[in-house]
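Below is one structure, written out as structure tokens; the observations come after it.
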Amino acid sequence: MRRPLIAGNWKMNGDRQEAEALLKAIAGAEPGKADLVVCPPFTALAQAQDLLRDTVAQWGAQNVYPEPAGAYTGEISPQMLQSLGCRWCICGHSERRQLFGETDELINRKVKAVLDAGLTPILCVGESAEERQNGQTASIVQREVEAGLSGVSAEEAARLVIAYEPIWAIGAGQAATAAEAEEVCSWIRECMFRCFGTEVSGQVRILYGGSVNGRNVSDFLKEPDIDGALIGGASLRAEEFISMYNRAKA
Ligand code: 13P
């Protein structure tokens with residue numbers, strides 16, 4: 001039985017005061033049979049460590065550089081994240097791929113560096129509107145999963161998380177339908193089966209992301225291959241975010 005996971009990606013939102021208010025509200029979430037993760041910007045991670053300590057909520061980063069330390073101006077290592085109590089790190093978000101030119105090869109290095117530091121990667125994959133129209137969804141997602149996880153052991157693969165985030169549904173206000181999301185998440189699970197075998201494909205958690213909110217989250221959670229959600233905009237609204245976590249526990 002896979003434990004549901006509700007994860008929030010704040011993206012580049014939340015100054016010090018906004019982060020404090022949001023983290024204090026999230027700290028009030030009640031424990032249950034689901035995991036709750038928030039990924040604030042780097043600048044709010046120390047606040048997360050302070051305000052979420054001894055709560056059900058865990059925290060992570062939205063990005064990382066795959067070296068432990070050194071002359072990489074402006075970058076943050078997995079070891080630095082770990083020292084702030086981070087247990088999670090988003091890798092390969094489509095905004096990083098599109099706006100910052102991240103390649104599958106770089107994302108793969110990030111996934112491995114995050115695993116080596118003992119953190120859990122959330123590997124994001126997903127097709128653009130054009131790729132979907134051209135019937136390329138399955139091949140794009142398969143390539144991103146296989147390349148992103150190249151060289152990862154079965155034991156590591158079982159404990160990481162994959163988020164299917166179709167680019168056309170992100171920030172669009174219009175999510176994929178639950179059936180569309182389930183179809184691709186089931187392909188991802190099949191891909192994990194081919195790469196790592198039955199045990200891993202049965203254990204790995206696969207999330208859907210893209211315009212998830214308090215009204216539609218339950219539709220996704222009902223699907224057999226969707227184990228939770230990666231939430232952008234709605235994760236900035238504390239009450240709605242916690243209500244989605246409460247749905248996942250039920
Ligand atoms: P929205 O929930 O705002 O569509 O963002 C999804 C996302 O990109 C999460 O990583």
Side-chain angles (χ1 to χ4, degrees), residues 3-65 68-69 74-93 95-96 110 113-115 117-124 159-161 163 165 170-171 205 207-209 211-214 217 221 227-250:
R3 195 173 156 90
L5 168 61
I6 295 293
N9 172 10
W10 293 9
K11 309 192 179 183
M12 196 174 73
N13 292 292
D15 65 16
R16 194 174 170 83
Q17 279 166 1
E18 288 161 344
E20 181 173 330
L22 197 43
L23 290 166
K24 279 185 171 163
I26 291 166
E30 303 274 350
K33 290 185 185 145
D35 289 328
L36 179 62
V37 172
V38 279
C39 299
F42 290 130
T43 47
L45 287 174
Q47 277 174 294
Q49 184 179 34
D50 257 3
L51 297 171
L52 299 180
R53 186 178 284 124
D54 301 325
T55 73
V56 295
Q58 301 171 33
W59 57 98
Q62 300 170 16
N63 185 30
V64 71
Y65 193 72
E75 298 298 322
I76 305 280
S77 74
Q79 288 70 16
M80 292 157 81
L81 298 176
Q82 203 227 16
S83 77
L84 285 171
C86 285
R87 291 173 55 188
W88 299 82
C89 185
I90 296 172
C91 297
H93 192 281
E95 287 151 16
R96 303 253 12 128
K110 294 186 179 200
V114 163
L115 286 165
L119 275 62
T120 303
I122 301 176
L123 172 65
C124 298
R159 69 179 174 86
L160 55 78
V161 172
E165 297 205 313
I170 294 177
R205 288 188 287 185
L207 312 181
Y208 167 74
S211 297
V212 177
N213 58 42
V217 69
L221 291 167
D227 305 309
L230 180 57
I231 300 153
S235 75
L236 299 170
R237 301 189 289 270
E239 206 178 306
E240 186 171 357
F241 185 56
I242 293 170
S243 84
M244 291 190 267
Y245 169 63
N246 290 336
R247 304 283 175 83
K249 292 191 292 190

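All values reported here derive from a predicted model rather than from experimental measurement.
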Apply side-chain hydrogen bond (donor to acceptor under 3.5 Å, both in side chains) to [X] and list each qualifying residue two or more places apart in sequence or on a separate chain.
X	result
D227	R2, R189
W88	Q58
Q62	none
N63	K110

Please identify each residue that fulfils salt bridge (Lys or Arg N to Asp or Glu O under 4.0 Å) with [X], with sequence neighbours left out.
X	result
R53	D50
E240	R237
E30	none

Worksheet entry | C86 versus L119, closest heavy-atom pair with distance |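 The pair with the smallest heavy-atom distance is O-CG, 3.6 Å.
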
Minimum heavy-atom separation for P78 to Y65, with atom names?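 Heavy-atom minimum between the residues: CD-O, 3.2 Å.
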
Residues 36-46 vs salt bridge (Lys or Arg N to Asp or Glu O under 4.0 Å), sequence neighbours excluded, gives none

Quick one: which residue pairs count as a side chain to side chain donor-acceptor pair (under 3.5 Å) with a foot in residues 33-43, not counting sequence neighbours?
->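 For residues 33-43: R3-D35, D35-R205.
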
Exercise answer: donor-acceptor pairs, residues 17-24 side-chain atoms, under 3.5 Å, sequence neighbours excluded:
from : atom 1 : to  : atom 2 : distance (Å)
E18  : OE1    : D15 : N      : 2.9
E20  : OE2    : K24 : NZ     : 2.8

**Prompt:** Rounded to the nearest 0.5 Å, how far apart are CD of E165 and CD1 of I90?
**Reply:**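 If we round to the nearest 0.5 Å, E165:CD and I90:CD1 are 7.5 Å apart.
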
Those residues at least two apart in sequence (or on a different chain) that pass side chain to side chain contact (heavy atoms under 4.5 Å, CB included) with A34 are P4, Y245, A248, K249

Practice prompt. For L115, check side chain to side chain contact (heavy atoms under 4.5 Å, CB included) against everything at least two apart and list the hits.
Written response: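 Result, side chain to side chain contact (heavy atoms under 4.5 Å, CB included) vs L115: V111, P121, V152, E156, R159, L160.
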
I'd like to know whether V38 forms a side-chain contact (heavy atoms from CB on, under 4.5 Å) with S235, so could you lay out the CA-CA distance, the side-chain angles of the two residues, the decisive distance to 0.1 Å, and finally the verdict. CA-CA 8 Å; V38 279; S235 75; over 6 Å; no

